[in-house]
Amino acid sequence: ARLSPSHRNRQPWRFELGPVRITLLPDPARRLPVADPDDRQLHVSVGAALQTMIASAAAAGLAAYPAPVADGVRVNYRPDVAGTQVLYDAGLKRQTARVPFSTEAPPPALVDRLVRNATIDGVEALVVTEPAGRERVLELTVAAAEKQLRDPAWLAEYLGWYRFDAGEALAQRDGVYGAASGYPGVPGWLGRRLFDLVTTPARERVRWTEQLQGTGARMILATPGNDPAAWRSLGRAYQQVALVATANGLRSAPANPAVEDPATAATLAADLGLRTAKSLFVLRVGTGGPELPRSLRRPLAEVMPGQG
């Protein structure tokens, strides 16, 4: 579960181990008051970790039964017939691929399978195939990303989670590692001085255009809920899609700037005909692109006190 994806690789979770259960809780110390003021992305991240716990249980011969508790989820385990290790193995291999993919679409039958796997707790999955819809996703994503970069408070918070070189990444074992996004490593003191010159709204437009135009499939996950339980469901659906994609030789990555702003998310939902959707998650799935270093994870003792 520690290898699950999380917004800015914050790993905003805590695990409390019981006799036959694990309680999964959000870590409020890892909030983003500017970029994620309602903790939506925090709970999406917790949901992704929850789905990894559920999907991995079968490999250990266990059945997982999640139940909500105050602020989090308690997962009870019972012995079961040992299942497949496919998704467990996929969880070890999965990587958020922040690179342009091939324009070749995944096989339709596999895309249908991804859609079916996303239907968790009322989550609906839409594959955007029409050119107008794909262009609208790109347009709103670019506009939202440019707006974020022009916000000094957002930028300062982002830089606090950015790791410019391997030394910073190894010291913190969290955050956005530049090399994992395809950027060359530079000393932190230099990177912070040059960041405004290198990461401009114009370059952000180019980056997202390359990533979204090179995507084999664009998926929108949507739910009518707009609360922590609904956000966890989005995270579960995202991680299940990512695991199944990885098991079938595909790569995946979120493309969420457009849905991190409530007004822009509402516009996107309306434009795509998702009239009842209150919470969205955008991801791209495809093949190809360079292999990059992996983002690191915090030690077990930090996320599960008393263990490690």
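Counting begins at 1 with the first residue of the sequence.
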Gap between atom CG of Leu62 and atom CD1 of Ile54 - 0.5 Å precision: 13.0 Å
Find out whether Leu126 and Met219 are in side-chain contact, i.e. whether some heavy atom of one side chain is under 4.5 Å from a heavy atom of the other. no
Identify the heavy atoms of Leu268 and Ala258 that sit nearest to each other, and give their distance. CD2-CB, 4.5 Å
Are any of the side-chain nitrogens in Arg10 or Asp27 under 4.0 Å away from the carboxylate oxygens of its partner? no
Is it the case that the side chains of Arg297 and Asn9 hold a donor-acceptor pair, with the cut-off being a distance below 3.5 Å and no angle test? yes
Could you tell me whether Arg21 sits above the aromatic face of Tyr77, with NZ or CZ closer than 6.0 angstrom to the six-membered ring centre and within 45 degrees of the axis? no
Check: Arg8 and Leu32 side chains under 4.5 Å, non-hydrogen atoms: yes
Mind checking whether Phe15 and Trp13 have parallel, tilted or perpendicular rings, split at 30° and 60°? tilted
Using a 6.0 Å cut-off, check whether atom OH of Tyr88 has over 12 heavy atoms from anything other than its own residue. no
Do Glu124 and Thr223 touch side chain to side chain, with heavy atoms closer than 4.5 Å? no
Any side-chain donor paired with an acceptor under 3.5 Å for Gln211 and Arg284? yes
Could you check if a side-chain atom of Gln239 sits within less than 4.5 angstrom of a side-chain atom of Leu50, using non-hydrogen atoms only? no
Ignoring hydrogens, what is the shortest heavy-atom contact between Glu157 and Val34? Give both atom names and the distance. OE2-N, 3.0 Å
Search all heavy atoms of Val285 against all heavy atoms of Ser252 and return the closest pair with its distance. CG2-CB, 4.2 Å
Is it true that the side chains of Ser4 and Thr52 contain a donor and an acceptor less than 3.5 Å apart? yes
Side chains of Val44 and Phe281 in contact at under 4.5 Å (non-hydrogen atoms): yes
Which pair of heavy atoms, one from Val128 and one from Gly133, lies closest together, and at what distance? CG1-C, 3.4 Å
Could you please spell out the steps behind the salt bridge (charged side-chain N to carboxylate O under 4.0 Å, His left out) verdict for Asp121 and Arg236? CA-CA 9 Å; Asp121 290 344; Arg236 288 188 60 191; 3.3 Å; yes
Is Arg136 salt-bridged to Asp271, cutoff N-O under 4.0 Å? yes
Reference residue His43; test side-chain contact (heavy atoms from CB on, under 4.5 Å); the match among Pro26, Ser233, Pro12: Pro26
Answer yes or no: is there a donor N or O on one side and an acceptor on the other, between the side chain of Ser45 and the main chain of His7, under 3.5 Å? yes
When rounded to the nearest 0.5 angstrom, what distance separates CZ in Arg275 from NZ in Lys278? 12.0 Å
Spell out, as yes or no, whether a donor-acceptor pair under 3.5 Å connects the side chain of Asp36 to the backbone of Leu42. yes
Donor + acceptor pair across side chains of Glu302, Gln11 (<3.5 Å): no
Which heavy atom in Arg163 sits nearest to a heavy atom in Gly175, and how many Å separate them? NE-CA, 4.1 Å
Do you know which two heavy atoms are closest between Asp71 and Arg232, and how far apart they sit? O-NH1, 4.4 Å
Taking atom types as modelled, is there a side-chain donor on Glu204 or Trp208 under 3.5 Å from an acceptor on the other? yes
Verify whether one side chain among Arg94 and Thr96 offers a donor that lies under 3.5 Å from an acceptor in the other. yes
Trp231 and Asn226: side chain donor to acceptor below 3.5 Å: yes
Are the charged groups of Glu168 and Arg192 less than 4.0 angstrom apart, N to O? yes
Phe195 vs Tyr162 aromatic rings, parallel, tilted or perpendicular, using cut-offs 30° and 60°? perpendicular
In plain terms, say whether Arg30 and Asp174 are close enough for a salt bridge, that is, a side-chain N and a carboxylate O under 4.0 Å apart. yes
Hey, is CZ on Arg193 packed in by over 12 heavy atoms from elsewhere, all under 6.0 Å? no
Give a yes or no answer on whether the side chain of Asp80 reaches the backbone of Gly61 with a donor-acceptor pair at less than 3.5 Å. no
